[in-house]
2 protein chains.
Amino acid sequence: MDKMTDDKRDTEQAIKEAAKKVFLVNGLKGARMQAIADEAGINRAMLHYYFRTKDKLFEVIFADAMQEMNQRMGAIATSDLPILKKIEHFVYGYMESASSNPEFDLFIINEFQQNPDYFTEMMKTSNAGTAMKAFVHEIEKAVKKKEIVGDPHQIFLSMISLCVFPFAAKTMVRTMLGHSEKQYTKLLDERKKFLVQFVVKGISP
Amino acid sequence: MDKMTDDKRDTEQAIKEAAKKVFLVNGLKGARMQAIADEAGINRAMLHYYFRTKDKLFEVIFADAMQEMNQRMGAIATSDLPILKKIEHFVYGYMESASSNPEFDLFIINEFQQNPDYFTEMMKTSNAGTAMKAFVHEIEKAVKKKEIVGDPHQIFLSMISLCVFPFAAKTMVRTMLGHSEKQYTKLLDERKKFLVQFVVKGISP
DNA sequence: CTTTGCGTTAACAATTTTGTTAAACAATGC
DNA sequence: GCATTGTTTAACAAAATTGTTAACGCAAAG
C-alpha cells in the first residue's frame, strides 16, 4: 500500500527541515514542539506520529548535524600538501562551509557542553576525530622540521578559534562592531584571505 | 524592624549565588527554579518571595553579569601604552579574568543571540562599549602609522576570537584534544604567552 | 461501492514547571 | 508572656508543554 508514500516523504522531510531550523536556534531544551509544527505548517500531533517524542526527533536532527560536522572537519584531511597550504585549505574550506549554515557552530558548542559523553565517543569513531588528530600530527611534524614555530596544540586551537568564533558569536560580534548583516557577511568573506596571512605570519619561524 | 536583616541578607545572597551558577550553565530557558532552590538549600517558594518571578531573578543576575563584562572589557581601556603593549595587556587581563569564571563567556554569547536588542543599547551606554571602540580606534591609528598591518576590524575580531573561544567552547576543545581538566587548564595558562607572540607576529609589518 | 489502511485533525490527558497562599515559625519590642 | 512582623514551609493552583486517542478523510484495492 504505497498509497501516500509521496505525501509521507514530503511531510517527514518538512518536519525534519523545520526541526533543524528550530533546534539549531534554540537547542533541545529551548525548542518548542509547537514552533516546529508551525514552521512545518502542520499539526503538532504529526510530530509525534512521525517521530514519537521530542527527544527522538532531536536525535535524528542531531545525527544529521554530526554528519555535517564530519564533512566540515573532513576538509582538514585532504591530500599531501605542504603544511601552509593545508592550513589555507582548511581555513577556506571551513569558512565557506560555515557561511552556508551559520547557526550550526554555536549549536554544536552548546550541545557539547550539555552532553560531553556523546562526543567523547564520537571523537574515537568518526572520521572527523581521526582527521583532526592527523592534522595536529602534521603540525607537530612541521614544528619539528622547523617549518613553523609554536606549540602544536596552541596553533591548532588558534585556527579553530579564528574560524569558528566569528560564526558562533556572530550576533555579539556584529553588535560590538556596530555592523549590519550585510557588512558582517562581507567581513566574514574577506576574513578567509586575512586569516591565512595572519596565521602563516604568526607561526612562521 | 531590622529583625532578621542578617538572615535575610544571607538567604538573598545564597539565592543570588545559586541562581548565578544555574543560569550561567543552563541559560534562562534551560534553568529550573527547583535547581536554583536546591543549589541554595532552600524552598522554591523563597525564590518567589525574594525575587517575585524567574524573569525578575534572571534580570538581577544578568545585570551583575553585565557588570562583570564591563570590568573585563575595561581591561582594554588602560593608559597610553604603545599598541603592542596594549594588546599584551588585554590578552593577559582577559584570559586571567576568564579563568576565574569560565562559564561566563558562553553564557554571554547565548544571551546575546537570544536578546540582541538589550545589548545594542548597552553598547551605546556602558563603558565596555566605549572602551572597545577606543581600542579599535587605537588599532586603526597604529595601522595608519604602519606600526602594524591588517584590517583593524579583522585584527580586533581575531583577538577576541583567540581569547574568548577557548573558554566558550571549553568542553568541545577539551574533547577534541583529548585533554583532562588539568591539562586544559595548563594549556590555557600557557596560552597567554603564546597568544601575545602569535598575534604580534601576525600583525607585524 | 465498499473496504482497508495510512495520514491527518482536534480534542483531551499527563507531565512539567512556574507561581500563590494560608498557616506555622521565630525573634523582637512591649 | 504576648502581640507584631518578617521569614519559612508545605500544600495548592495555574500555566505551559508534551504526549495520546478517537474519529475523520481520502486514496487505492478488491
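Hydrogens, waters and symmetry mates play no part in the numbers below; they use all other heavy atoms, side chains included. Numbered from 1 within each chain, the chains take letters A, B, ... in sequence-line order.
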Please determine whether a side-chain nitrogen or oxygen atom of A:Thr11 lies at a distance below 4.0 Å from atom OP1 or OP2 of C:dG7. no
Are there over 12 heavy-atom neighbours, none belonging to B:Lys20, within less than 6.0 Å of that residue's NZ? no
Using whole Å, what does the distance between atom C1' of nucleotide C:dG7 and atom CD of A:Glu12 come to? 12 Å
Pairs where residues 166-190 of chain B contributes a residue and the test salt bridge (charged side-chain N to carboxylate O under 4.0 Å, His left out) is met, not counting sequence neighbours: B:Lys170-B:Glu181, B:Arg174-B:Glu181, B:Lys186-B:Glu190, B:Asp189-B:Lys192
Between A:Ile15 (CD1) and C:dG7 (C1'), how many Å, whole number? 11 Å
Kindly indicate whether the side chain of A:Ile109, heavy atoms from C-beta on, has any atom under 4.5 Å from the side chain of B:Phe165. yes
Under the ring pair (Phe, Tyr, Trp, His ring centres under 6.0 Å) rule, what pairs show up with a residue in residues 101-123 of chain A, not counting sequence neighbours? A:Phe62-A:Tyr118, A:Phe62-A:Phe119, A:Phe112-A:Phe119
Hey, does the side chain of A:Lys29 reach the backbone of B:Lys29 with a donor-acceptor pair shorter than 3.5 angstrom? no
In whole angstrom, give the distance that lies between atom CD1 of A:Ile42 and atom C1' of C:dA10. 14 Å
Which word best sums up how the rings of B:Tyr94 and B:Phe90 line up, parallel for under 30°, tilted for 30 to 60°, or perpendicular for over 60°? tilted
Atom CG of A:Leu47 and atom C1' of C:dT8 are separated, to the nearest Å, by 12 Å
B/S/- along nucleotides 16-21 of chain D (protein heavy atoms under 4.0 Å) is -SBBB-
